Every structure is written in structure tokens, then in C-alpha cells.
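Just so it is clear, the model here is predicted, and its values are computed rather than measured. Chain letters run A, B, ... following the sequence lines, proteins first and then strands; every chain starts at 1.
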Amino acid sequence: MSAVDVGAALPRAKIEILPALTPLIVALIAAPFIGSASTFVTLTLAGLAMGMMIFTMASGLTLAFGMMDVLNFGHGAFISLGAYVATLVFLPLTAWAQSDSLVLNLAVFGLALAAAVVVCGAFGFVFERVLIVPVYGQHLKQILITIGGSIVAEQLLYAIFGPEQIPIAPPALFRGSFTFGDAAIEKYRIVAMIVGFVVFVAQMVVLNRTKIGLLIRAGVENREMVEALGYRIDRLFVGVFMAGSALAGLGGVLWALYRGQVHASMGGELLVLVFIVIIIGGLGSVGGCFTGAILVALISNYAGFLAPKLALVSNILLMVVVLLWRPRGLYPVSGR
Amino acid sequence: MSAGLVLQGVHTHIGRYHILQGVDFDVPPGKTTMLLGRNGAGKTTCLRTIMGLWKASKGTIRFGEAAIEALPASAVARSGVAYVPETMAIFSDLSVRENLLLAAREGPIDDKRLEWIFTFFPALKKFWLSRAGSLSGGQKQMVSIARAIIEPRRLLLIDEPTKGLAPAIIGGLIECLREIKRGGVTILLVEQNFRVARELGDEVRVMDNGRIVHVGAMAELAADSRLQGQLLGLSLDSHQ
């Protein structure tokens with residue numbers, strides 16, 4: 001037996017740390033313009049909380065988009081659905097939510113998250129089977145049918161829950177704020193940050209430490225070869241789509257409690273932001289989505305404070321700048 | 001362990017193009033069969049159709065006792081077929097280890113088999129945890145072939161494994177494929193390099209315009225330069 005050893009000239013893998021540092025760089029640049037340390041801390045923490053929520057909503061879409069090549073403009077419907085599910089949990093458990101008991105507060109919050117995950121995951125299954133399966137590989141039809149699906153879903157939500165905005169508040173102990181130095185920090189933002197971060201860590205663990213995660217990462221890069229290795233990519237697609245829908249629902253709960261209200265078009269309104277985040281991050285990249293979401297939220301907050309008129313276009317400008325720097329996003333996935 | 005493959009009247013359409021136009025041939029069990037032909041003859045389409053990546057619009061494909069022409073690629077793979085595409089199709093963002101982990105469907109990687117693979121491809125051991133996308137072309141080909149043999153398979157479909165590789169690497173690949181062949185695995189190998197075809201092939205099938213135009217023993221074709229010229233537009237002497 002002879003051996004082939006051609007391992008002499010392997011290029012060192014480049015460590016792509018700079019894109020991950022962009023939120024920090026943006027914060028450092030913004031700090032002197034903001035001036036007040038307490039305002040800077042408040043804006044930054046608010047941005048981080050908002051970023052985590054957007055990440056939760058967007059991460060499912062980036063995986064579905066990256067792996068299944070599906071342009072799902074109906075993703076926003078799952079955000080709204082998750083928010084409505086939260087109202088269904090909070091309403092009968094108002095006493096728990098109003099209680100001073102941390103256990104009861106956490107229970108109602110956890111139940112709302114869990115219910116949104118289950119319901120949105122189940123509806124995601126139906127959505128994929130009924131609407132997505134017939135249009136795999138046909139982008140134009142995907143856009144049309146998923147927009148159609150989201151309109152139907154939105155109108156159904158209005159028909160079932162009524163056209164009025166439904167108020168919803170976080171559990172009692174998550175309301176209000178505390179001071180850190182001179183900065184006032186809303187408690188709920190910390191909660192949202194923790195949930196978003198847990199979602200991020202959980203996704204990274206699943207993607208990097210499990211075989212399912214390996215399959216998903218491989219599927220994002222080359223679906224056909226995953227199939228040729230003997231794996232049922234269609235089942236993986238369904239699973240990823242359900243997980244993406246469930247994450248959208250989870251994000252919908254967080255967002256509804258943050259904004260204090262629920263309405264059927266809230267998901268659609270957030271969808272543009274979600275698409276900007278996944279494009280900035282690099283389609284199919286969860287790490288890129290995380291960085292992109294924080295970047296978008298921080299810039300939106302800083303711009304809102306420093307130049308309110310600019311805030312209206314800050315996300316678009318950010319996307320233009322990022323794509324000029326890295327045309328395939330902060331963390332492009334090979335093969336896409 | 002190995003099983004034979006039989007194609008009968010296989011047609012494949014890709015969009016409006018009619019690529020395979022009634023392909024008939026067999027791949028005897030335990031033998032290495034070379035599928036030769038000019039560029040565009042339909043060799044890659046043939047492998048992809050067998051693998052289930054493109055559907056045969058007509059005809060039958062039998063692997064052992066089973067008809068596989070209607071099966072999805074995952075089911076074809078699970079019946080014991082491994083595929084090494086011309087593009088290698090390694091997962092660039094995954095490490096070498098992760099690429100092989102994914103190919104080991106039945107469970108954890110068998111250490112003994114892995115060591116056996118490392119004897120042919122020591123570079124894989126060296127770069128075990130490196131990102132596969134950062135490897136050289138030859139190393140990527142090693143990953144692609146290692147992925148196909150990380151677990152025992154009954155049939156290997158290999159599409160131009162030596163394409164673009166340096167002669168030193170080709171020699172090692174030939175050794176590896178020869179060793180796999182000794183293990184009794186049936187191999188269907190598309191190859192443009194006639195020296196490789198001659199060294200490895202037991203049987204040969206030649207394609208042209210989506211059809212099989214020659215069936216025979218590789219040694220016969222290698223010995224007949226007139227036939228080579230007629231079928232392939234080359235002579236072996238010019239491809240030593």
C-alpha cells in the first residue's frame with residue numbers, strides 16, 4: 001500500500017473575528033457622540049435586548065432560507081401567531097402574572113413561550129406541507145404563495161381575535177426598571193436578553209455538537225449530497241421549518257410583551273427587519289444572524305437618539321454598507 | 001457482500017434535453033467497470049440517474065434483486081450505494097472529521113476502518129479537525145473518497161476522481177481504489193484518464209450521445225488502439 005501525503009501546503013484557516021466585533025466597534029464609535037454614560041448604557045442594553053428578540057425571530061428564517069432555499073414571506077404570520085398564543089396563556093393566568101411570586105411569574109412566562117413554540121411549530125408543519133412543498137425550487141411562486149399564506153393567516157387572526165390591539169404586559173416582577181449607576185434599565189429587557197441568548201447558545205450547541213446539527217449545516221451547503229449520503233432531506237426540511245416557525249412564535253411572545261400589545265400585522269411589520277438581519281448576517285448563518293441582529297438593533301437605537309430622521313433609513317444604510325464590505329453577508333455560508 | 005447493477009433502456013431528460021437515450025449495460029458484482037466516453041456523452045448523467053439524483057424517465061435500474069430507478073437518492077444510498085461526484089461535493093464549512101462523521105450513517109466511525117483509510121490518505125489524519133474548504137484539491141478528493149468508504153458499501157459510483165489532480169496523488173488514489181476493489185466491492189468508475197482506466201478496470205462500457213456503444217473487457221480495449229481511436233478518439237499510447 002502506498003500512501004498519499006500532500007498535506008504540506010494547507011493554508012491556515014482565517015479566523016473571521018472582525019464581523020463579530022462590528023457591534024462592539026459601532027458601540028465604541030457611538031459612545032463619544034452620545035456623551036452621557038448612563039444614556040449610552042441604557043441605549044446599548046435596549047439595543048442588545050431588541051437584537052436578541054430580532055435574532056430569535058430571524059434565526060429560524062435564515063436556516064430555512066439557507067437550507068431549503070425557500071423565500072418564506074409568511075414567516076411574520078408565525079410571529080403574530082406566537083404573540084396571540086401568549087395572550088391566550090396570560091388571560092386565564094392573570095392572577096399568576098400579577099402575583100409577586102417569582103415562581104408563578106416564571107411559570108406563566110414559561111408556559112406562554114412553550115405554548116407559542118408548540119402551536120407555531122405545529123402550524124409550521126401544516127404550512128410547509130400545504131404551501132411550501134408544491135413550490136420547492138420555484139422562487140417566484142414561493143414569494144407569491146407565502147405572501148398569500150401570510151395574508152390569509154393575518155386575516156384569520158383578525159377574524160378570530162378581532163381587529164383591536166390586545167394589550168399584554170409582562171409578569172409583575174419583570175415590569176419596571178432598576179438603576180445601574182445613573183442608568184435606568186428595564187427589567188424585561190434583561191429577561192428578553194437572557195431568553196435570546198439562551199436560544200442562541202442552544203442553537204449553536206445543536207448545530208455544532210449534534211448529528212442533527214451537522215446535517216443541517218451540511219444541508220445548508222449542499223442538500224443534494226446530504227441526500228446522496230442516505231439522509232431524508234425532506235424530513236430534515238420539515239423539522240427545520242417547524243423549528244423556524246417555533247422560533248418565530250417564541251420571538252413573537254418576547255416582542256409582544258416588550259411592546260405591550262398584540263395585533264395581527266405585527267409580524268408583517270417586523271418581516272422587513274428580519275430579512276435585513278438575515279441578509280446582513282449571511283443567508284443560512286446562525287452566527288451571522290446573531291451578529292446582524294445586534295448590529296441592526298444597536299444602530300437603530302443610536303441613530304434614533306443621535307439623528308432621529310436618520311433612524312428611519314439606518315437599517316437600509318447599514319445593509320448597504322455591510323454588503324459593500326462583504327457582499328455575501330458578515331458570515332457567508334459556503335455553497336450559497 | 002457486493003451486488004451487480006443492471007440498466008435496461010434507461011432514458012433521462014433534464015429539462016427539455018434528452019440526455020440518456022436508452023442506456024443498457026451491466027456492472028458485474030465484485031468487478032471494477034469503467035464507464036468511458038467523450039465529454040458530453042452522458043457518463044455523469046448516467047451515474048446521477050443510478051444514484052437517484054436525476055430520475056430516469058423510462059427504463060429500469062436493478063441493483064442486486066431490487067429495482068432502484070424510482071427510489072429517492074437517500075434510499076439508493078441506504079441500499080448500499082456510495083457516490084463520489086465529479087465536483088467532490090465535500091461540505092466546505094465542516095471539518096474533515098465532521099464530513100466523515102456525517103457519512104458514517106450506521107453510528108460512530110469505526111476506528112479500525114478509519115486507520116485503514118489513513119494509510120492511503122495520511123493528509124486526512126493531519127488535517128482531521130481542519131475546515132474541509134481550506135484543503136487543496138487533492139485533499140478534498142481524498143475527503144470525498146474517504147466519505148464514500150468510511151462504512152462498507154456494496155457499490156461505489158465514482159465520477160472522475162483523478163480530474164485535475166497531480167500525478168503523485170493519482171498514484172495514491174489508484175492504490176486506494178485497488179485496495180477497495182480487493183475487498184470485493186463493485187465499482188462503476190467514470191474516468192477520462194486512460195492510464196487509470198487501464199490499471200483499475202476489469203470491464204469497460206463506452207458511451208456516446210447518451211447510449212452505450214461498446215461493452216467488453218478493459219484489457220481488450222487497452223490492447224486495441226484502433227478501437228480506442230474509433231470509440232474514444234484517442235489511443236492509449238498517447239495517454240501513458
Side-chain angles (χ1 to χ4, degrees), chain A residues 1-16 63 66-67 136-138 204 207-238 282-288 328-329 331-336, chain B residues 48 51-53 72-79 81-83 85 87-94 98-99 101-105 116 118-127 130-139 142 144 147-148 157 165-166 168-176 178-179:
Chain A
M1 273 182 226
S2 76
V4 188
D5 188 355
V6 287
L10 182 73
R12 283 176 68 88
K14 271 169 61 184
I15 301 168
E16 295 274 22
L63 276 183
M67 181 175 179
Y136 270 126
Q138 303 170 75
M204 294 310 275
L207 286 173
N208 293 300
R209 295 274 180 272
T210 68
K211 191 142 188 181
I212 288 284
L214 261 186
L215 279 169
I216 293 170
R217 286 162 59 207
V220 167
E221 205 180 323
N222 190 334
R223 287 168 282 163
E224 188 178 74
M225 199 59 216
V226 171
E227 182 97 359
L229 287 177
Y231 297 98
R232 291 282 303 271
I233 197 86
D234 52 344
R235 288 186 187 170
L236 202 58
F237 279 4
V238 179
L283 297 174
S285 164
V286 171
R328 291 169 61 223
Y331 284 103
V333 174
S334 302
R336 298 221 51 90
Chain B
R48 289 178 62 86
M51 195 62 217
L53 294 169
S74 59
V76 174
R78 285 189 173 274
S79 71
V81 182
Y83 176 52
T87 57
M88 297 178 269
I90 59 158
F91 302 114
S92 303
D93 285 336
L94 271 52
E98 288 172 329
N99 267 273
L101 261 179
L102 211 54
R105 278 197 313 267
W116 174 70
F118 285 156
T119 58
F120 303 113
F121 307 136
L124 299 189
K125 191 173 192 175
K126 187 173 177 183
F127 301 119
S130 300
R131 196 176 149 269
S134 65
L135 302 178
S136 68
Q139 290 160 350
M142 291 174 201
S144 189
R147 205 169 51 178
L157 305 175
L165 298 188
I169 302 172
I170 292 174
L173 279 178
I174 290 173
E175 275 302 310
C176 172
R178 199 174 272 153
E179 184 69 18

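In this structure, CG on N222(A) lies 11.5 Å from CG on D93(B), to the nearest 0.5 angstrom. A distance of 11.0 Å separates CD of E98(B) from CG of L215(A), quoted to the nearest 0.5 Å.
Of all heavy-atom pairs between Y83(B) and M225(A), the closest is O-CE, 3.5 Å. In terms of heavy-atom proximity, L94(B) sits nearest to E221(A) at N-OE1, 4.4 Å.
Proximity of a side-chain donor or acceptor of E227(A) to a complementary backbone N or O of L53(B) within less than 3.5 Å is not detected. Side-chain N or O atoms of R232(A) include none that pairs as donor or acceptor with a backbone N or O of S74(B) at under 3.5 Å.
The shortest side-chain heavy-atom distance between F91(B) and V226(A) falls under the 4.5 Å cut-off.
Other residues, nucleotides and ligands contribute more than 12 heavy atoms inside 6.0 Å of the CZ atom of R105(B).
A search for side-chain contact (heavy atoms from CB on, under 4.5 Å) contacts involving A104(B) returns I109(B), I150(B), E151(B), not counting sequence neighbours.
Top candidate by heavy-atom pairs under 4.5 Å with chain A, chosen from A77(B), P85(B), A73(B), G52(B), is A73(B).
Residue L124(B) does not touch chain A at all, counting heavy-atom pairs closer than 4.5 Å.
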